[in-house]
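First listed ligand is number 1; within each ligand, the first listed atom is number 1.
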Amino acid sequence: MSLIAIADKLSAGEPLSLADGLALFETPDLIELGRLANQVRERLHGPRTYFNRNLHINPTNVCVAACKLCAFSRRSERSEGAYVLGVDEAVAKLRARLAADPGLGEVHLVGGLHDGLPFDYFTGFLSALKQVAPGIRIKAFSAVEIFFFHRRYGMSIEAILRRLKAVGLDFLPGGGAEIFSARVRQAICPNKCDADQWLEVHRTAHRLGINSNCTMLFGTVETIEERVQHLLRLRALQAETKGLLAFIPLPFHPENNALAGTPAPTAAESLRVCAASRLLLDNVPHVKAYWVGLGLATAQMALWFGADDFDGTVSEERIYHEAGSQTPRALTPEEIARVVRAAGRVPVERDTLYGEANVESAAR
Ligand code: V47
């Protein structure tokens, strides 16, 4: 399948097939691939590049899953570097961030699968944060955590989501999808939910009016076909529910984890995945260049390879930095705007649901 034939399909608005996807991942013509993805990106969003003011909080790094890809998790509370954040500590972090930046719009909350905490710990966490700042949206708990709660606390996925929504959950982050192939999951994350279970959590969330993001972790042991199949499963979920707002390609970081020694994906590989994803996921509105994962330089380039979102100010990021990310741990909104403008794009501050945010301060 040539890129010319794929370009014709795209002009006709036809969804791409598995064979088309393989061709996108195999073509030597990275620039043409980027041009096609950029056409879609500009048709949907013009030159706009979205970002938000967010704060990452990871309640605990204690995790029973022991995923080989992860540098963040600790096996038990007794392991070196293990922690469980008290609700008061999380509230103090939020208050400090709000004092520094009253325009903060979102808390991004994800953590390990800790089997010794009551469900009340998590509901208490959400309601305490929401009480401090009722206007802030809480994007919390990957599908892997929701599925773990369902098993651990003996409630249906729907009941878990309803309980969390009632105390402040607004949105589900896209983590934990990794690669849906059972072969790959067995190799890199055998103890967490499988593809069907991950998809079922998002399907249920969408039915309850909770939107979500989705991700793909690339650069471990997956084949190109497994990447394309992953993207096609996300596209099928979206065709069914329309609840996904953004896709985030996540390049593997190989430091301090059990897959150390695997070479990290190059910038060219990350740009290819970004562009191919933009073209295959024709029904997902946004593609995020998560600068913490990509690195700032590659994230800038990604804005010409299909991505229209730079993620956010982040602050307090741990998962990628423990796995070797060399980016800053946070950026100010001004720094993001400068980096985006330097890439030739127009920064637009957004809220969690892609409404424009802090428009007055952006004009200054
Ligand atoms: O699920 C963990 C990945 C994810 C490593 O929804 C690793 O807006 C690379 O999902 N190398 C968590 N990746 C991050 C995530 C995310 C990030 C930003 C925005 C959003 C969103 C979601 O990070 C995990 C896993 O796939 N991860 N360890 C690693 N060593």
Side-chain angles (χ1 to χ4, degrees), residues 50-52 54-58 61 63 65-73 105-113 137-148 170-180 184-185 188-189 192-193 198 201-202 205 210-222 230 234 243-265 269-270 273 284-295 299 307 309-327 350-354:
Y50 301 95
F51 71 96
N52 75 348
N54 60 353
L55 166 68
H56 282 220
I57 299 180
N58 306 117
N61 60 356
C63 188
C67 298
K68 293 203 172 77
L69 64 100
C70 185
F72 167 73
S73 74
E106 177 187 280
V107 172
H108 175 130
L109 190 86
V110 292
L113 310 182
R137 290 221 170 80
I138 301 186
K139 178 173 72 172
F141 307 125
S142 70
V144 171
E145 290 162 275
I146 300 289
F147 192 81
F148 177 77
D170 294 300
F171 196 94
L172 289 194
E178 320 311 3
I179 290 276
F180 287 144
V184 175
R185 294 186 97 71
I188 68 173
C189 55
K192 67 186 183 196
C193 71
W198 189 98
V201 170
H202 284 259
I210 304 167
N211 285 113
S212 66
N213 287 341
C214 56
T215 56
M216 177 170 78
L217 175 76
F218 62 93
T220 61
V221 300
E222 80 283 358
H230 180 97
L234 290 174
L244 298 169
L245 292 196
F247 168 77
I248 307 133
L250 298 171
F252 176 57
H253 282 52
E255 283 181 30
N256 305 320
N257 55 49
L259 299 178
T262 309
E269 188 67 8
S270 292
V273 174
V284 175
H286 299 279
V287 172
K288 220 183 240 198
Y290 181 46
W291 59 266
V292 174
L294 291 173
D309 187 316
F310 214 67
D311 196 68
T313 52
V314 173
S315 70
E316 298 255 337
E317 203 290 323
R318 303 177 80 124
I319 298 174
Y320 276 80
H321 285 87
E322 294 192 16
S325 170
Q326 298 294 315
T327 65
R350 64 163 176 88
D351 63 21
T352 302
L353 300 174
Y354 289 88

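For the salt bridge (charged side-chain N to carboxylate O under 4.0 Å, His left out) test, residues two or more places apart in sequence or in another chain that qualify with Glu269 are Arg227. Contacts of Cys63 classified as side-chain contact (heavy atoms from CB on, under 4.5 Å), with partners at least two apart in sequence or in another chain: Ala65, Ser73, Leu113.
When heavy-atom distances to ligand 1 are checked against 4.0 Å, the residues falling inside are Leu69, His108, Lys139, Pro173, Gly174, Gly175, Gly176, Glu178, Asn213, Thr215, Leu217, Ile248, Leu250, Pro251, Phe252, His253, Asn257, Lys288, Tyr290, Asp311, Ile319, Tyr320, Ala323, ordered by chain and number.
Note: Tyr290 and His56 have parallel aromatic rings, judged against thresholds of 30 and 60 degrees for the angle between ring planes.
A donor and an acceptor atom, one from each side chain of Ser315 and Thr313, are nowhere located under 3.5 Å apart.
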Can you give the donor-acceptor pairs under 3.5 Å from side chains of residues 254-264 to other protein atoms, not counting sequence neighbours?
unit_1 : atom_1 : unit_2 : atom_2 : d
Asn256 : ND2    : Glu322 : O      : 2.7
Asn257 : OD1    : Leu259 : N      : 3.1
Asn257 : OD1    : Ala260 : N      : 3.3
Asn257 : ND2    : Leu69  : O      : 3.1
Asn257 : ND2    : His253 : O      : 3.0
Asn257 : ND2    : Glu255 : O      : 3.4
Thr262 : OG1    : Leu259 : O      : 2.6

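Each of Asn213, Leu294, Val287 was evaluated against Ile248; a single residue qualifies, Asn213, per the side-chain contact (heavy atoms from CB on, under 4.5 Å) test.
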